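Have a look at the structure below before the remarks.
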Number of protein chains: 2
Amino acid sequence: MDARKRQVLEALIDDYIATAEPVGSRTLAKKYRLGVSPATIRNEMADLEDLGFLEQPHTSAGRVPSDKGYRYYVDEIMRPVVLDLAERQRIRQAYQARVRELHWFIHQTARLVSELTLYPSLVVAPPVEQAALIDLSFVSLGQDTVLMVLKTSTGMVENQTLLVPEEFDSDKLRSLAEDFTQEFRGVAIHELKNRILDPLQGDVKRYPELWQLALKWVTGHDGDEDKVSLAGPLNILNYPEFRDVEKVRRVLGFLEKETAVELASRHYAEGVQVVIGAESSLDDIQDCSLVTATYRVGGNVVGHLMVLGPRRMHYNRVMSIVEAVSDELSRVLHG
Amino acid sequence: MDARKRQVLEALIDDYIATAEPVGSRTLAKKYRLGVSPATIRNEMADLEDLGFLEQPHTSAGRVPSDKGYRYYVDEIMRPVVLDLAERQRIRQAYQARVRELHWFIHQTARLVSELTLYPSLVVAPPVEQAALIDLSFVSLGQDTVLMVLKTSTGMVENQTLLVPEEFDSDKLRSLAEDFTQEFRGVAIHELKNRILDPLQGDVKRYPELWQLALKWVTGHDGDEDKVSLAGPLNILNYPEFRDVEKVRRVLGFLEKETAVELASRHYAEGVQVVIGAESSLDDIQDCSLVTATYRVGGNVVGHLMVLGPRRMHYNRVMSIVEAVSDELSRVLHG
DNA sequence: GTTTAGCACTCTCTGAGCATGAGTGCTAAG
DNA sequence: CTTAGCACTCATGCTCAGAGAGTGCTAAAC
């Protein structure tokens, strides 16, 4: 794999990313200053195909990068791109708002990323389960309804409306909340459920009403409510590889399914990750690549961010954007 | 417009809705018991075309209903369909849950309708602006953050996180909330804004801290946050008229835009409304029909519900579903 | 030994020409 | 008024040939 092969591979992938058309030797020689004739390039291309970096749709077409080719491009060739000033400013200013609910951040981030990259983007909130309880309050909503406000170590606020069997007056609610906070501050939410529900611990006897409330919450809590935000799904329609409605259905269907969320969350490694085509071994997105990143909230609890596009994605641009946004988000969520 | 013409029109539209193919006289004679020969049907079809109810894609194709044809079908011919037991039960049980946030109802409704109809569905919440204040509480989230919980006459709860300049202790917050509720109970939200912001009214002087908070809210309140839910957009891909990616883009783009929300909300008339093709005079959905319905919350504050599909929509089925769901939703939201 | 010009070859794509078939409108007979 | 018969129209699908893009190979040039 000498320098010229890398040059040819780079030029070819750049061109294919730009045009979505198989690239021939003549095109390459004309558009890029490689200093050699088409015939030489043809030889190099044949070698690159033998090495598995390129593929030929059919005998008389140009070459197209293979998954392996993209992988080499991403890992070894590609230079990181510097975002221009306007984009950096846009990212800096994206989170200047008064509100602070988690779902707003999630939503805003997804929108920002999809608008900058021109690909669909999915943002997954850090799982509440793993966060620790900081503070709990109840607000009576009259009759038999109580709003539970839960502040967790993710710095975010979870609201949940509960039905309670009897009417609690606001003093009673306040003292319940205080007791509860006192007792369980710092305990992880999932652990909290066990603690409250476990009859062997003394808590049940000491807080019968709490037990009632908590039980309602545990059973009524359907994990994924607000925790995911998808933005710009229609961006996918701009790319010619998705002319076919079947493909659109598969890809957008994938983004709406649980699978996408799981996939985004599976990449535990911090920082920016790239998955190219068949590397994901998921049928629905064989023709797609995805770029994921993690972000931190306060300590080490992490959320995930994902961009999905055609295999000929603008990897360097997307990676830069995703990195900048996740950094900014982590920064903003640190307080 | 005699009885037989209506029969022919009905059969033709039924067939076209089922197949999406232009319908010929022979098909009609064979599949539907009209008791006459293709030739007779041809004559009737020619008449129906003269009357503007049918159109011919080209000379040697069958006929296709025009907007006017669908309109006549919907208004005069079509018989309401009775939903089967399973569907009725599904609708009845859709809202049995412990949670009570408005956005949950919106979301749930959109999903329910799109799953039953197999078309995309959009649900718009009643505008908070027009609801009256019932009750307000503040919950300190520590530092400079306060959660404002607003109970309105829509029976729903709005949460909003506010940044406040100074730290309020919980007693202070409670008394503020009590004063506020006392003063403004029953006032409409939009009126509330005026009342608080108008320096001519005495309120500003009496509640300087409140004024601060309220100002934050008024400026930070970005209307449409949670108020709309779109479900099942990909259903549109199942219909052959949307084989073309361009059309998909236009229709799904429409559903993501403000226009869709405005359109849904424009139909003030209560009950189920149908808009067929060009009747909407919106370029993006010339090939679509939509069925809208309103629902009530408590008194007369209304939200909107919309189903969008190809012009050859299953009007009677969709209308029945939309009616049943909006009734059920109104019923559930009455308490 | 590497590079390149030349050339035959392969394969897709496009458009023309043609047959097919569905469906119509018209006419005349029932 | 209905219907059988028939000529006519037009989209669709098929084949086939030509064009064009691109390759691989060979042999000459550097």
Side-chain angles (χ1 to χ4, degrees), chain A residues 1-9 11-16 18-66 69 240-241 243-244 312, chain B residues 1-9 11-16 18-66 69 240-241 243-244 312:
Chain A
M1 197 67 184
D2 57 26
R4 198 173 61 192
K5 278 198 181 43
R6 290 168 54 131
Q7 269 188 26
V8 171
L9 184 59
L12 190 144
I13 293 187
D14 284 344
D15 200 75
Y16 187 68
T19 65
E21 298 288 331
V23 187
S25 55
R26 228 176 75 93
T27 318
L28 234 39
K30 232 189 320 184
K31 285 217 280 195
Y32 302 84
R33 299 226 149 273
L34 296 172
V36 287
S37 74
T40 309
I41 295 177
R42 271 204 291 285
N43 290 327
E44 297 288 25
M45 282 163 73
D47 291 350
L48 286 167
E49 185 170 357
D50 290 342
L51 291 169
F53 293 123
L54 297 181
E55 284 166 359
Q56 242 178 334
H58 55 89
T59 348
S60 75
R63 300 299 207 297
V64 161
S66 68
E241 31 272 273
R243 285 270 164 68
D244 179 14
R312 51 171 200 102
Chain B
M1 197 66 183
D2 57 27
R4 197 171 62 190
K5 278 198 182 40
R6 290 168 54 130
Q7 268 187 25
V8 171
L9 184 58
L12 190 144
I13 293 188
D14 284 343
D15 200 74
Y16 187 68
T19 65
E21 298 288 332
V23 186
S25 54
R26 227 176 74 94
T27 318
L28 234 39
K30 233 189 319 183
K31 287 217 279 197
Y32 301 85
R33 301 227 147 273
L34 297 173
V36 287
S37 76
T40 309
I41 295 177
R42 272 205 290 284
N43 289 330
E44 297 289 24
M45 281 161 74
D47 290 351
L48 285 166
E49 186 170 355
D50 289 341
L51 291 168
F53 293 124
L54 298 181
E55 284 165 1
Q56 243 179 334
H58 55 88
T59 347
S60 74
R63 300 298 206 297
V64 160
S66 66
E241 32 271 272
R243 284 272 163 69
D244 179 14
R312 51 172 200 102

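In what follows, every chain begins at residue 1, and chains take the letters A, B, ... in the order their sequences are listed. Remember, it's a predicted structure, so these values are computed and weren't measured experimentally.
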Nucleotides bounding contact with chain A, strand DNA chain C, heavy-atom threshold 4.0 Å = C/dT3 to C/dT12
Could you tell me which non-hydrogen atom of B/F53 sits nearest to which non-hydrogen atom of B/M1, and how far apart they are?
-> CE1-SD, 3.8 Å
Can you check whether A/L54 reaches A/L9 side chain to side chain, under 4.5 Å on heavy atoms?
-> yes
Validation row: A/K31, A/T19 side chains within 4.5 angstrom (heavy atoms) | yes
For A/Y32 and A/D14, test the side chains for any donor-to-acceptor distance below 3.5 angstrom and give the result as yes or no.
-> no
What's the CZ-C1' distance between B/R63 and D/dC10, to the nearest Å?
-> 14 Å
Kindly indicate whether the side chain of B/E21, heavy atoms from C-beta on, has any atom under 4.5 Å from the side chain of B/T27.
-> no
Is the backbone of A/I41 close enough, under 3.5 Å, to the side chain of A/S25 for a donor and an acceptor to pair up by distance?
-> no
DNA chain C-proximal residues of residues 38-59 of chain B, any heavy atom under 4.0 Å | B/R42, B/M45, B/Q56, B/T59
Looking only at heavy atoms, the pair that brings B/R312 and B/A20 closest together is NE-CB, 3.3 Å
Identify the heavy atoms of B/G69 and B/I13 that sit nearest to each other, and give their distance.
-> O-CD1, 3.7 Å
Side chains of B/L12 and B/R63 in contact at under 4.5 Å (non-hydrogen atoms) = yes
Do A/E44 and A/D47 touch side chain to side chain, with heavy atoms closer than 4.5 Å?
-> yes
Review item, nucleotides 12-21 of chain D N/O atoms under 3.5 Å of protein N/O:
none

